[in-house]
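Have a look at this one before I ask anything.
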Amino acid sequence: MSTKTFRARIRRSLADQNLQVALDGNARRRTVGRLSAFSSVPDYQERRRRAHAIKADVVAHLDEYLSRFINQVTRNGIRVHRAADAQEAIHLFLEIAREHDARLVAKSKSMVSEEIDFNHALEPAGLQVVETDLGEYIVQLRGERPSHILTPAVHLTRAQVGQLFHEKLGTPYTEDIPEMVATARRVLRQVFLAADIGVSGANFGVADTGTLCLVTNEGNGRMVTTLPPVHVALMGIERLVPTLDDLALFLSLLPRSGTGQKLSSYTSLIHSPRRFEDLDGPQERHLILVDNGRSAMRNSPLVEALSCIRCGACLNACPVFREIGGHAYIGRDGSIAPYPGPIGAVVSPALFGCENFGQLAQASSLCGACQEACPVDINLPELLLRVRAGENADGKGPHEAVGVPAVLKLGLQAFRLVASAPLLFSLAQRLGGLFNHIYSPRRKYMRLPTWTGWGFSKDFPRLAFTPFRARWNNIQQTVNQGDQVSQPPENPPETEISPTPSMAAQFSAELVAIGGKVYSLPEKEVKTRLAKLLQERGIERVAVDDIGEQYVTGIESVRVPNPTVWAGITGALLGIAESGSLLLVAGEGRPLTASLLPDIHIAILRESDLVPTLVQALTRPEVCSASAAVIVTGPSRTGDIEMTLSIGVHGPKELHVFLID
Ligand code: SF4
């Protein structure tokens, strides 16, 4: 296969009306969500710069950070394995699976697993891997690769998903998204409970504390890291940050850039397997650190791409991705690239070979929208140019440029000649404008032969009769001739300073905005109000932790995970005012499943336990001393089918907080 196939795939995408509607909807919602989420971060540019510097430092001193991280993770009781490539990663996993005589694997979303073709590689060994992220589950049922880093089934309509569920799961055909989400919840709940091993990725590893941080919205990440007896995390070696402070910075950027949320519904912070005093959690945790070309990339001109935190914002911003979607990013051999979009056009050639995937870098207008959207300020246009120039991850400098047809090369050489001689360039512009004016005075666009590709989905803009430089010179002359330039007022108008809301008010407003409910009340009223709520819902049995138990009267309560209990009542170590989040830690008398398995989660929080920001919560000593902790920000949610928000895909459908004043 060749670049022709790449073009054919692009044309197919452009002609697919369903795909066009889906991609437009995705890009619009994600872009609006991202901009609105960052509107509450006045120092966004400063944070981006810091994030860029931190990642550059980590990549430059990766060996030191890795060794610190591995020591700490091992000390915490997690077994660490290092895989040089995909084959070794699979081999290591199979060893673990054999040790436990495993058959069923419940897996949450992980780009590294896509990269090493995890699911297919395990089939010959008799292992069944079930994807549990809704979008991933859908594409797995269709036998496809994800078409977006964050929204794997973005290319499908609700009708296609309804038909798929009807054919594969035997449910009646429906286009009702909540009904489809409920089907997935029912089917996958059984998988979580029966799985022998849970597999997850890891968004970040914290070198100082050995924390594995996992960010999800549906709750499947929590399920696979909590319910099965063994948990295996797959992580690229570059996904490190030095400290918990740095983690807080990256968590302020990742969800906002990816899904437009201040924080994702669940931010899991994992330190060790279940401890003696814990009531739930896996007996064993493993971490497989995957290199798979990253070390070579570190010494190549594409090194900056290792700073990527896989937020997907560059995909949503890219005018090319928005037209062609992820499945159009294919190699010369016709295989779909594991990573699509602007970052994929750099990472895929870097990790899997420029020969096959170098052509992907041609799918860019180099407009810079990707870099502008990137929360780590990665210079993607520059990296794309490097790939185009044939500079790849073997570090041997420029090779033959890839994916460029001979006729285009000739054309570009001619253009370089003209563009580097100002007089010639100006003359060419004038001639072009004149030709345009005479040949088609009324047309908005220039007509070019179809073999150039122009005119298929985009037209070539007509050349201006008066070139830009000439018009600019005219403007300059007018200004120099004495036009008044308006000055900013000497004293800017006084701005009214609005009073800062109390932390409790801010917490409540944030939580309500993301679908939670808050009841501010004195402690003596909690029991009565809680009993009323449970009665209204017809709940006769609840899962509790030590704190929850104090407030439950006249109703049966259980401690161990139990999927037939519909409400869980727990305490919360802290509330985070800026995002309306709760911090829960595992430990004696604190089962994390009480806030995960039931349909309704009710949390008891004292106003005195509110902190203003995430960083104060993350650095609390209880977080690192617990085997696991989770930051809960609203009920479980998904937007995986047609970007329509659905609540309660795997975790609780309702979140109520009793805020004791
Ligand atoms: S390159 Fe930047 S914008 Fe793109 S996925 Fe990575 S971090 Fe996000």
Side-chain angles (χ1 to χ4, degrees), residues 134 176-186 188-189 192 216-223 226 261-268 507-521 525-545 547-549 551-552 555-558 561-572 575-576 579-584 591-605 630-640 644-660:
L134 179 60
D176 184 67
I177 292 177
E179 209 176 310
M180 290 186 246
V181 171
T183 301
R185 181 183 175 99
R186 206 173 48 246
L188 293 172
R189 184 57 71 99
F192 293 126
T216 65
N217 270 316
E218 299 181 359
N220 61 316
R222 285 188 71 192
M223 295 274 185
T226 311
Q261 294 165 280
K262 288 186 178 168
L263 272 182
S264 299
S265 299
Y266 304 110
T267 306
S268 299
F507 173 85
S508 303
E510 292 292 342
L511 185 53
V512 168
I514 49 176
K517 289 209 167 84
V518 185
Y519 313 82
S520 281
L521 69 183
E525 287 177 21
V526 173
K527 280 187 184 173
T528 326
R529 190 69 192 82
L530 183 59
K532 190 166 170 249
L533 178 64
L534 295 174
Q535 198 186 16
E536 281 166 8
R537 304 302 164 100
I539 288 165
E540 291 166 352
R541 206 147 52 117
V542 289
V544 290
D545 67 1
I547 307 250
E549 189 160 46
Y551 297 95
V552 174
I555 193 166
E556 189 190 340
S557 61
V558 296
N562 186 334
T564 62
V565 172
W566 302 114
I569 304 167
T570 72
I576 304 167
S579 54
S581 312
L582 300 166
L583 173 64
L584 279 68
L592 282 183
T593 40
S595 61
L596 176 63
L597 285 171
D599 281 15
I600 304 172
H601 174 206
I602 302 166
I604 315 284
L605 175 71
V630 61
I631 298 168
V632 176
T633 310
S636 149
R637 61 180 57 215
T638 184
D640 273 349
T644 304
L645 178 67
S646 300
I647 297 296
V649 58
H650 295 305
K653 299 170 184 172
E654 293 177 30
L655 174 62
H656 302 256
V657 176
F658 283 64
L659 190 59
I660 300 175

- [ ] Look at the side chain of Asn217 and the backbone N and O of Ser265, then say whether any donor-acceptor pair between them is shorter than 3.5 Å.
- [x] yes
- [ ] Over all heavy atoms of both residues, which pair between Leu605 and Gly575 is shortest? Give the atoms and the distance, please.
- [x] CD1-N, 3.6 Å
Open item on the list: When you compare the side chain of Ile604 with that of Tyr551, does any pair of heavy atoms fall below 4.5 Å?
Closed with: yes
Open item on the list: For a quick test of reading the model, state the closest non-hydrogen atom pair linking Pro635 to Ile647 and the distance between them.
Closed with: CB-CG2, 3.9 Å
- [ ] Grab the two heavy atoms, one from Leu521 and one from Tyr519, that are nearest each other, plus how far apart they are.
- [x] CD2-O, 3.1 Å
Open item on the list: If I take atom OG1 from residue Thr633 and atom CG from residue Leu582, how far apart are they, to the nearest 0.5 angstrom?
Closed with: 7.5 Å
Open item on the list: Let me confirm one number: the CG-CD1 distance from Leu645 to Ile177, rounded to the nearest 0.5 Å.
Closed with: 10.0 Å
Open item on the list: As an exercise, state the distance from NE2 of His601 to OG1 of Thr570, rounded to the nearest 0.5 Å.
Closed with: 3.0 Å
TODO: Please confirm whether the backbone N or O of Leu597 pairs with a side-chain atom of Arg189, one donor and one acceptor, at under 3.5 Å?
DONE: yes
Task: Atom pair CD1 (Ile602) and NE2 (His656), whose distance is rounded to the nearest 0.5 Å - done: 6.0 Å
Task: Over all atoms of both residues, closest heavy-atom pair of Leu659 and Ser508 - done: CD2-OG, 4.0 Å
Task: Nearest heavy-atom neighbours spanning Pro598 and Arg185 - done: O-NH2, 4.4 Å
Task: Considering all heavy atoms, the nearest Glu556-Val558 contact - done: OE2-CG1, 4.3 Å
Open item on the list: Can you list everything that forms a ring pair (Phe, Tyr, Trp, His ring centres under 6.0 Å) with Tyr266? Sequence neighbours excluded, please.
Closed with: none
Open item on the list: With heavy-atom distances below 4.5 Å as the criterion, would you say the side chains of Asn220 and Leu188 are in contact?
Closed with: no
- [ ] Please confirm whether the backbone N or O of Val649 pairs with a side-chain atom of Ser636, one donor and one acceptor, at under 3.5 Å?
- [x] yes
- [ ] Enter the distance from Leu596:CG to Leu584:CG here, rounded to the nearest 0.5 Å.
- [x] 10.5 Å
Open item on the list: Between Asp545 (side chain only) and Gly571 (backbone N and O only), is there a donor and an acceptor less than 3.5 Å apart?
Closed with: yes
Open item on the list: Is the ring pair His650/Phe192 parallel, tilted or perpendicular, if the boundaries are 30 and 60 degrees?
Closed with: perpendicular
Donor-acceptor contacts, no H, no angles, side chain residues 529-544, under 3.5 Å, sequence neighbours left out:
residue : atom : partner : partner atom : Å
Arg537  : NH1  : Glu654  : OE1          : 2.4
Arg537  : NH1  : Glu654  : OE2          : 2.7
Arg541  : NH2  : Thr564  : OG1          : 3.1

Open item on the list: For the OG atom of Ser264 and the CZ atom of Arg637, what is their distance to the nearest 0.5 Å?
Closed with: 9.5 Å
TODO: Sort and list the pairs that fulfil salt bridge (charged side-chain N to carboxylate O under 4.0 Å, His left out) and have at least one residue in residues 507-518, not counting sequence neighbours.
DONE: Lys262-Glu510
